[in-house]
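The structure appears below as structure tokens.
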Amino acid sequence: MKKHNFSAGPCILPQEVLKQASEAILNFNNDDLSLIEISHRSPAFVKVMENARSLVLELLNIENKGYSVLFLQGGASLEFLMTPYNFLKTNGKAAYLDTGTWSSKSIKEAKLLGNIEIVASSKDKNYNYIPKDYHIPTDADYFHCTSNNTIFGTQMKSFPKTDSLLVCDMSSDIFSRQLDFSQFDLIYAGAQKNMGPAGATLVVVKEAALGKTGRIIPSMLDYQVHISKDSMFNTPSVFAVYVSMLTLQWLKNLGGVAAIEKINNAKAELLYGEIDSNPLFQGVTEKEDRSYMNVTFTLTNESLKDKFDMMWKGTGINGLGGHRSVGGYRASMYNALPLESVQVLVDVMRKLNN
Ligand SMILES: *Cc1c(COP(=O)(O)O)cnc(C)c1O
């Protein structure tokens, strides 16, 4: 039996996608060649790349709105640096919201290139909430935020209106809920949280926002270079792009983001409901800022730890340990995790109470 995989990332992928992907490793397109031994410029792979790109625009509902989709490498972590290279004017200024480890890492990289203003931070309470009252300076070239804080378990429910360009790291909740994606000038996400295996980074960028910094940008860090080469300036990570395409196709067949959002809501309500009603557990984050992807919680009585750990491990649950900077537990419930797996977890939590 497959495990109930609550891993924070790399994450669970749909079983049928894994099966198709493994078949393509041996024999892609019935051509008696492996997906990973053919040219990335072959018509068969170019079609994969084109299909992946158009699925992204379709699922995010931003077709024909001036966006380019790229599949790059270097993870979301390299986007921390590519963002200021492409959007921060020489002698310009950028505004950042600090909501966790990943935000602070993005701030650290941006500071290498210029003047960064942190408009608000929730570090004072170990990032257990999303700051709300902050002001984005009118002269900021862009505002950067992290939609979902994978480690701490908070999620932005709305995004500020600003005249600056709006940039968002959506690594851990892209394609999980409906948003007006056309409000963003740049969205990026490492594939391995909700889309595919590690090795590809999704970038969705509004072309009109590019080319305004006056900077000399190294080729590999320049979105315009990658756009002009259809994500094939260098050899793309073909396997990660292919599996991402299969996952996006799976999501489309399921009914798209609207359909998965309903399932994700049901999963989150089930688990938070148990956390709030079971006296042996408590949530880590402020209720209004709770993440529907990564649910963080602790035992109210630490002496039950060994017993609880033995119980959930015994049911085939995997990856429930909290991040070392938070402790406790973290249940990551990405798109491919079925509601039944959450029910298994909730049943264990209820049994602990008896
Ligand atoms: C995992 C994660 C990252 C880092 O992604 P890499 O692809 O490993 O560089 C960045 N931001 C968020 C929100 C994440 O969850």
Side-chain angles (χ1 to χ4, degrees), residues 5-13 56 70-85 96-110 112 121-123 126-131 143-157 159 166-177 179 181 184 186-205 220-221 226 231 236-237 239-241 243-244 247 264 284-285 289-296 319 321-326 330-337:
N5 193 0
F6 287 87
S7 177
C11 78
I12 182 169
L13 290 171
V56 169
L70 299 169
F71 285 91
L72 306 180
Q73 295 173 70
S77 299
L78 188 58
E79 299 313 309
F80 298 163
L81 183 63
M82 287 177 77
T83 300
Y85 256 117
Y96 276 70
L97 183 62
D98 177 27
T99 52
T101 308
W102 297 117
S103 316
S104 38
K105 287 189 175 179
S106 69
I107 291 164
K108 178 169 176 239
E109 298 305 303
L112 296 173
S121 171
S122 47
K123 196 172 181 185
N126 202 26
Y127 297 115
N128 76 349
Y129 69 103
I130 302 279
F143 170 71
H144 179 285
C145 57
T146 312
S147 55
N148 182 69
N149 300 290
T150 327
I151 291 176
F152 302 92
T154 59
Q155 188 171 31
M156 293 176 77
K157 308 293 172 182
F159 296 85
L166 188 55
V167 176
C168 191
D169 174 2
M170 291 196 191
S171 291
S172 53
D173 69 351
I174 189 145
F175 303 117
S176 73
R177 58 172 172 167
L179 287 175
F181 292 99
F184 300 98
L186 171 69
I187 297 168
Y188 61 85
Q192 71 277 11
K193 301 275 168 44
N194 220 1
M195 189 172 67
T201 320
L202 172 67
V203 169
V204 182
V205 61
M220 272 297 279
L221 303 183
H226 291 289
S231 298
S237 95
F239 181 69
V241 174
V243 181
S244 297
T247 310
N264 288 335
V284 171
T285 60
D289 301 323
R290 282 173 162 178
S291 168
Y292 275 34
M293 289 279 102
N294 312 94
V295 177
T296 47
H323 190 272
R324 57 192 179 280
S325 57
V326 183
R330 171 173 52 164
S332 298
M333 308 192 297
Y334 297 112
N335 284 353
L337 185 84

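Atom set for the values below is all heavy atoms of this structure, side chains included, hydrogens, waters and symmetry mates excluded. First listed ligand is number 1; within each ligand, the first listed atom is number 1.
The distance from the CG atom of Asp98 to the OG atom of Ser121 is 3.5 Å, given to the nearest 0.5 Å. Taking NZ from Lys193 and SG from Cys11, the interatomic distance works out to 9.0 Å, rounded to the nearest 0.5 Å.
Distances between N or O atoms of Gly190 and those of ligand 1 include no value under 3.5 Å.
Ranking the protein heavy atoms by distance from atom 2 (C) of ligand 1 puts Lys193 NZ, 2.6 Å first. Here the protein heavy atom with the shortest distance to atom 9 (O) of ligand 1 is Ser77 OG, 2.6 Å. Among protein heavy atoms, the minimum distance from atom 11 (N) of ligand 1 is reached at Asp169 OD2, 2.6 Å. Remark: minimum distance from atom 15 (O) of ligand 1 to any protein heavy atom is reached at Thr150 OG1, 2.4 Å. Of the protein's non-hydrogen atoms, the one nearest atom 5 (O) of ligand 1 is Ala76 CB, 3.5 Å.
Of all atoms in ligand 1, listed by their number and element, those nearer than 4.0 Å to a heavy atom of Phe80 are 10 (C). Shown in contact with Thr146 at under 4.0 Å from a heavy atom are these atoms of ligand 1, numbered in order with element: 13 (C). Annotation for ligand 1: atoms under 4.0 Å from non-hydrogen atoms of Gln192 are 5 (O), 6 (P), 7 (O), 8 (O).
With a 4.5 Å cut-off on side-chain heavy atoms, Asn149 and Ser103 count as touching. Within the 4.5 Å cutoff, the side chain of Asn264 has heavy atoms near those of the Met293 side chain. The shortest side-chain heavy-atom distance between Glu79 and Leu72 falls under the 4.5 Å cut-off. Taking 4.5 Å as the limit, some side-chain heavy atom of Cys168 sits within range of a side-chain heavy atom of Phe184.
Residue Asn148 places a heavy atom less than 4.0 Å from ligand 1. Heavy-atom separations between Lys105 and ligand 1 are all 4.0 Å or longer.
Contact annotation: for Tyr188 versus ligand 1, there are no heavy atoms closer than 4.0 Å.
Lys157 places a side-chain N or O within 3.5 Å of a backbone atom of Arg290 that can act as its donor or acceptor partner.
Sparse packing is recorded around NZ of Lys108, with 12 or fewer heavy atoms of other residues, nucleotides or ligands lying under 6.0 Å away.
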